[in-house]
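For reference, the structure is listed below as structure tokens.
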Amino acid sequence: MKRTQVAIIGGGPAGLLLSHMLHLDGIDSVIIERQSREHVLARIRAGVLEDGTVQLLRSVGLGTRMDQEGKVHDGTLIAWQNRPTFLIDTKKYTGRQMMAYGQTAITQDLYAARDAVGGQIIEQASDVQLHDLTSATPSVTFQVDGEQHQIACDFIAGCDGFHGVSRLSIPGDILKTFERVYPFGWLGIMSETPPLEDIVYTQHERGFALASQRSPMLSRYYIQCRTDTDLAEWPDDRFWEELKARFPKELADQMVTGPSIEKSIAPLRSFVAEPMRYGRLFLAGDAAHIVPPTGAKGLNLAVSDVFYLHRAIETFYARGSSEHLDAYSATALNRVWGAERLSWWLTKLLHVFPDQEAFDTRVQQNEFDHLCRSEAAQAALAEQYVGLPF
Ligand code: RFL
Ligand code: PHB
């Protein structure tokens, strides 16, 4: 049986960042990941980082490439049909900015940082099981290439995403879940074309759309779609046509179209599991909560969870104090619910719901009118969008 201090289930951004930060404090960890590294790096997901995420990545030595290749934004535009474009002005109201830098690049940077110091990442592990979580000697078993392995540890970090095994290891009478599934998804494409200058959310009677970016020659676009959408029915030409129809003409005219290099559908869901701790198991990131992507909060929440969890484990080893471990779930959940509320609110504001009535549309319009008129509402939105302090 092998031994480590912290066994980390899942090698997505949460697991990799936790392992990196623990290493900086001399704490040993092993990551156990179900997929291959190629698979993890091929996923295209988040693109917009909060100021706190950017600062944290810089402070742990992961800022060099981000600062070279990422693009700083003063906020995000909302292009509401037949209205002047509106800026969620994080710079003006908070003095802080956002960064467009993709999750794929962050994951590459994290793998490079772990590799540079010989960090242990076990890939393609199947049948991962967690044991003795309420004892001081938990362990993890799994198989690689048909061979059974066991790792003993002090703590287990459940960073294995929404479909992972960690959350399911918490007994049903202890775990409470809260969920909202939205009646639409996002159809997204990546294309090797220059993006629009700004990140833009649209509100349009045909449905929501979003223009985002990864680099000067890599654009990311999304359109709201039905949950039963068949990708085969969305060749590139149809996608571009529908996307442009949801944008104001002056922005649609600036879009440079080209072949997609990736196309996928993401469902929209809000989900929170409480508590985020069971004995020696601590959940972080999508393993504990999901937000609809409308507020760009998912990856940022994974980073703030890791900030709290790292601090808790570090304090335990440095001072023998369980103070932050005991506070972890409540501290993380407070921030999680803030992001859940913002993502839910922006999702409701900007999408067309299939059962939407004229009354709902008027309320949406009034909400947006109020936002445009009220400095207080703009400041409140900017504060939440740029991310509450850790
Ligand atoms: P991940 O990235 O899902 O990683 C979990 C890892 O665990 C592995 N795993 C297991 N390993 C071992 N044993 C098991 N039984 C396992 N089961 C699973 C998985 O293979 C995987 O490698 O979770 P993590 O690390 O918590 O990171 C969370 C983020 O990935 C996620 O919140 C964001 O991508 C959400 N998100 C966005 N977040 C932002 O902050 N800003 C954005 O702009 C943004 N845009 C998005 C998004 C998510 C999207 N999709 C596709 C859902 C846009 C989209 C379209
Ligand atoms: C993205 O760039 O993929 C992105 C940007 C903003 C969001 C969600 C996703 O709210």
Side-chain angles (χ1 to χ4, degrees), residues 7-19 31-37 39-50 52-53 71 73 76-78 88 98-104 106-107 110 121-130 140 142-144 157-169 185-190 195 198-201 208 210-214 218-222 262 264-269 271 283-306 336 339 342-343 346-347 350 385 387:
I8 300 174
I9 317 297
L16 288 162
L17 180 62
L18 179 65
S19 181
I31 295 176
I32 301 148
E33 163 61 50
R34 180 168 59 183
Q35 304 287 354
S36 68
R37 177 180 296 216
H39 182 101
V40 173
L41 287 172
R43 291 186 192 127
I44 294 174
R45 288 192 174 170
V48 178
L49 307 181
E50 293 177 354
T53 298
K71 186 168 174 212
H73 291 272
T76 292
L77 290 174
I78 298 178
I88 306 174
M98 313 290 290
M99 172 86 85
Y101 186 63
Q103 178 168 332
T104 312
I106 293 179
T107 310
L110 281 162
I121 303 170
I122 296 165
E123 295 174 48
Q124 296 184 297
S126 60
D127 193 22
V128 176
Q129 292 184 31
L130 283 48
V140 181
F142 54 94
Q143 294 197 3
V144 179
C159 303
D160 47 353
F162 184 64
H163 300 288
V165 68
S166 299
R167 188 180 65 251
L168 304 177
S169 306
W186 282 14
L187 170 58
I189 68 161
M190 189 78 100
D198 294 298
I199 299 165
V200 190
Y201 295 132
F208 167 88
L210 163 57
S212 188
Q213 50 195 258
R214 295 291 180 273
L218 203 52
S219 303
R220 180 77 166 150
Y221 293 102
Y222 301 93
E262 194 262 0
S264 53
I265 296 171
L268 265 70
R269 178 196 304 269
F271 174 88
L283 303 179
D286 280 15
H289 41 73
I290 294 287
V291 285
T294 326
K297 290 284 168 233
L299 173 62
N300 292 296
L301 276 185
V303 169
S304 62
D305 287 354
V306 166
V336 166
L342 175 74
S343 309
L346 271 176
T347 301
L350 296 176
Y385 192 72

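Just follow the structure's listing: the first ligand is 1, and inside any ligand the first atom is 1. Treat the numbers as computed from the prediction; the structure is a model and nothing was measured.
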* **Nearest candidate to atom 50 (N) of ligand 1, where distance is taken over non-hydrogen atoms, out of S264, G11, A266** => A266
* Asked: Does ligand 2 have a heavy atom under 4.0 Å from the side chain of L210, from its backbone, from both, or from neither?
  -> side chain
* Could you pull out, from R34, H39, H289, the option with a heavy atom nearest to atom 11 (N) of ligand 1? => R34
* Asked: Of the protein's non-hydrogen atoms, which lies at the shortest distance from atom 7 (C) of ligand 2, and what is that distance?
  -> P293 O, 3.4 Å
* Structure fact -> Going by the 4.0 angstrom heavy-atom rule, the piece of Q103 near ligand 1 is side chain
* To do: Walk me through it: do T76 and Y385 pass the test side chain to side chain donor-acceptor pair (under 3.5 Å)?
  => CA-CA 9 Å; T76 292; Y385 192 72; 3.0 Å; yes
* Are any of the side-chain nitrogens in R34 or E123 under 4.0 Å away from the carboxylate oxygens of its partner? -> no
* Just distances here: any N/O of I199 and N/O of ligand 2 closer than 3.5 Å? -> no
* Using distance alone, determine whether G298 and ligand 1 share an N or O pair under 3.5 Å. => yes
* Answer yes or no: does an N/O atom from E33 fall short of 3.5 Å to an N/O atom of ligand 1? => yes
* Counting heavy atoms only, which part of V128 comes closer than 4.0 Å to ligand 1: side chain, backbone, both or neither? -> side chain
* Heavy atom of the protein closest to atom 5 (C) of ligand 2 (residue, atom name, distance) -> V48 CG2, 3.4 Å
* Indicate yes or no: does an N/O atom of G285 lie under 3.5 Å from an N/O atom of ligand 1? => no
* To do: Around atom 2 (O) of ligand 2, find the nearest protein heavy atom and jot down its residue, atom name and distance.
  => S212 OG, 2.6 Å
* Within reach of ligand 2, part of R214 (heavy-atom separation under 4.0 Å) -> side chain
* **Identity and distance of the protein heavy atom lying nearest atom 3 (O) of ligand 2** => Y222 OH, 2.6 Å
* N or O pair under 3.5 Å between A302 and ligand 1 -> no
* **Region of L301 engaging ligand 1 - heavy atom pairs below 4.0 Å** => neither
* Asked: Do any nitrogen or oxygen atoms of H163 lie less than 3.5 angstrom from nitrogen or oxygen atoms of ligand 1?
  -> no
* Asked: Quick one: does ligand 1 sit under 4.0 Å from the side chain of W186, the backbone, both or neither, non-hydrogen atoms only?
  -> neither
* **Polar atom proximity, G15 to ligand 1 (N or O, under 3.5 Å)** => no
* **Contact (N/O only, under 3.5 Å) between Y201 and ligand 2** => yes
